[in-house]
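Read through the structure below, which is laid out as structure tokens, and then see the notes.
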Amino acid sequence: MFFKKSIFFGNIVKVTKCAWQYHDKNDDLGPVFDYYRYCANEAIRIGIEKKITSKFKLYYQLYHKLRLDSQFHCKHVYGALECAASRLKIYKKTLKKKPNAKRPYISKNHLILDNQSYKIEKNIVRIPTESGKYVFIKLTNYVYKKIMDTKLGNITITDDKIIISYSRDIKEQNPTNSVGIDRNLENVTTYNSQGNCIVYDLAKAQRIVTSYCRIKSKFRRNDSRIRKKIFQKYGKLQKNRAHSILHYTSKKIVSENSGIIMENLKGIRKLYKKGNWQGRKHRQKMNSWSFYELQRQIEYKARWLGLPVEYVKANGTSTKCAICGSRLVPEEHRKMFCSICKSGVDRDVNAAHNILLRGTRVVPNGIAGEAVMAELDSKEQVICRVDAVKSCDGINLPIT
Ligand SMILES: [Zn+2]
């Protein structure tokens with residue numbers, strides 16, 4: 001059993017995490033936010049005009065101009081220029097796909113400071129505003145405990161939140177076990193190398209998402225400002241409720257302390273676009289599927305412990321038999337039947353088993369060799385069939 005990057009095991013890697021909390025609104029931060037936004041937007045304007053996307057070139061062009069007559073701390077200019085440079089890079093990329101893309105503009109109140117600019121003493125963060133003037137924010141015990149013995153990174157401050165990134169060095173583990181994870185709309189199924197299978201129910205999280213979608217669809221007033229406010233409110237509530245269930249699940253999966261293997265679902269949203277011969281309700285349901293959030297949580301939690309995370313192709317994981325490799329015949333209630341093994345199998349368990357086998361380079365029928373390795377190593381992945389079975393009711397959809 002081995003992973004693709006097996007030669008790198010034992011390496012020391014840097015892993016990063018974020019901790020955040022709310023803070024009380026401070027009026028002293030208001031002018032700093034305005035100055036930061038002014039600097040960033042000015043840098044974006046000049047960057048587009050002179051076609052600059054490099055951070056250092058922006059410093060060279062703009063630093064003295066922006067520092068002129070300003071009483072604010074010079075570190076804010078650095079933060080703003082860095083922020084502008086990253087926005088310009090994204091804009092340059094999107095221009096290739098969409099020539100009429102909207103110009104970037106920073107409208108939100110925020111500050112980004114590097115770890116040289118702020119100071120944490122005991123549980124109080126000191127943020128410079130002007131020369132000799134500071135703003136103090138008290139950290140909660142929870143956040144302070146998390147960042148206590150770690151290396152501190154950038155800090156982001158918004159109107160009501162403070163986000164601190166922290167990192168540590170960890171030795172990459174080489175776990176003896178690995179676990180294949182199959183993500184579905186209403187459950188997550190894991191299958192580990194000892195043959196144990198666990199099904200985590202996520203139906204509640206999906207119910208929360210659909211109920212908020214229904215509430216939002218009832219909004220009738222033709223006023224975009226009020227709509228934005230109300231949608232933001234419901235979006236926050238939905239996120240808080242649904243993500244806590246996902247956090248619970250991802251924590252349990254990672255606590256097994258084995259290598260993580262997941263299917264690569266990049267580009268799956270393209271299958272549920274308008275004009276793909278699917279119903280509106282079905283598309284709405286499939287597009288509200290939060291597969292990426294669970295993947296993100298599992299990945300960062302596993303990396304924090306030094307566990308390897310790998311992605312495999314998603315094609316045909318639930319239609320091929322994990323034991324003999326032949327095509328399965330669908331039956332009722334998410335059951336599949338293998339005509340060669342002469343046995344029925346749950347489709348999610350079979351998919352998780354297949355993912356585990358792909359990740360650990362064991363192929364059904366026992367074929368092994370360079371040809372198979374080459375096929376599994378290729379990174380390009382095309383999902384060319386509408387996979388109706390990700391949803392639990394398994395409606396038969398026309399194949400595009
Ligand atoms: Zn079979």
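One-based numbering along the sequence shown. All heavy atoms count here, side chains included; hydrogens, waters and symmetry mates do not. Both ligands and their constituent atoms are indexed starting at 1 by order of listing.
For Asp159 and Lys25, the salt-bridge test fails: no basic side-chain N is under 4.0 Å from an acidic carboxylate O.
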Can you give each donor-acceptor pair under 3.5 Å made by side-chain atoms of residues 80-103, sequence neighbours left out, with the distance rounded to 0.1 Å?
from: Ser86; atom 1: OG; to: Cys83; atom 2: O; distance (Å): 2.8
from: Thr94; atom 1: OG1; to: Ile90; atom 2: O; distance (Å): 3.0
from: Thr94; atom 1: OG1; to: Tyr91; atom 2: O; distance (Å): 2.9

(request) Apply side-chain hydrogen bond (donor to acceptor under 3.5 Å, both in side chains) to Gln297 and Glu293, showing your working. (result) CA-CA 6 Å; Gln297 289 179 10; Glu293 178 58 26; 2.8 Å; yes
(request) Please step through ring pair (Phe, Tyr, Trp, His ring centres under 6.0 Å) for the pair His76 and Tyr36, ending with a clear verdict. (result) CA-CA 6 Å; His76 297 305; Tyr36 183 92; 7.1 Å; no
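Residues Tyr248 and Tyr200 place their aromatic rings such that the two centres sit no closer than 6.0 Å. Residues Trp20 and Tyr166 place their aromatic rings such that the two centres sit no closer than 6.0 Å.
Near-neighbour remark for the Zn ion (ligand 1): protein N, O or S atoms under 2.8 Å are Cys321 SG, Cys324 SG, Cys338 SG, Cys341 SG; waters not counted.
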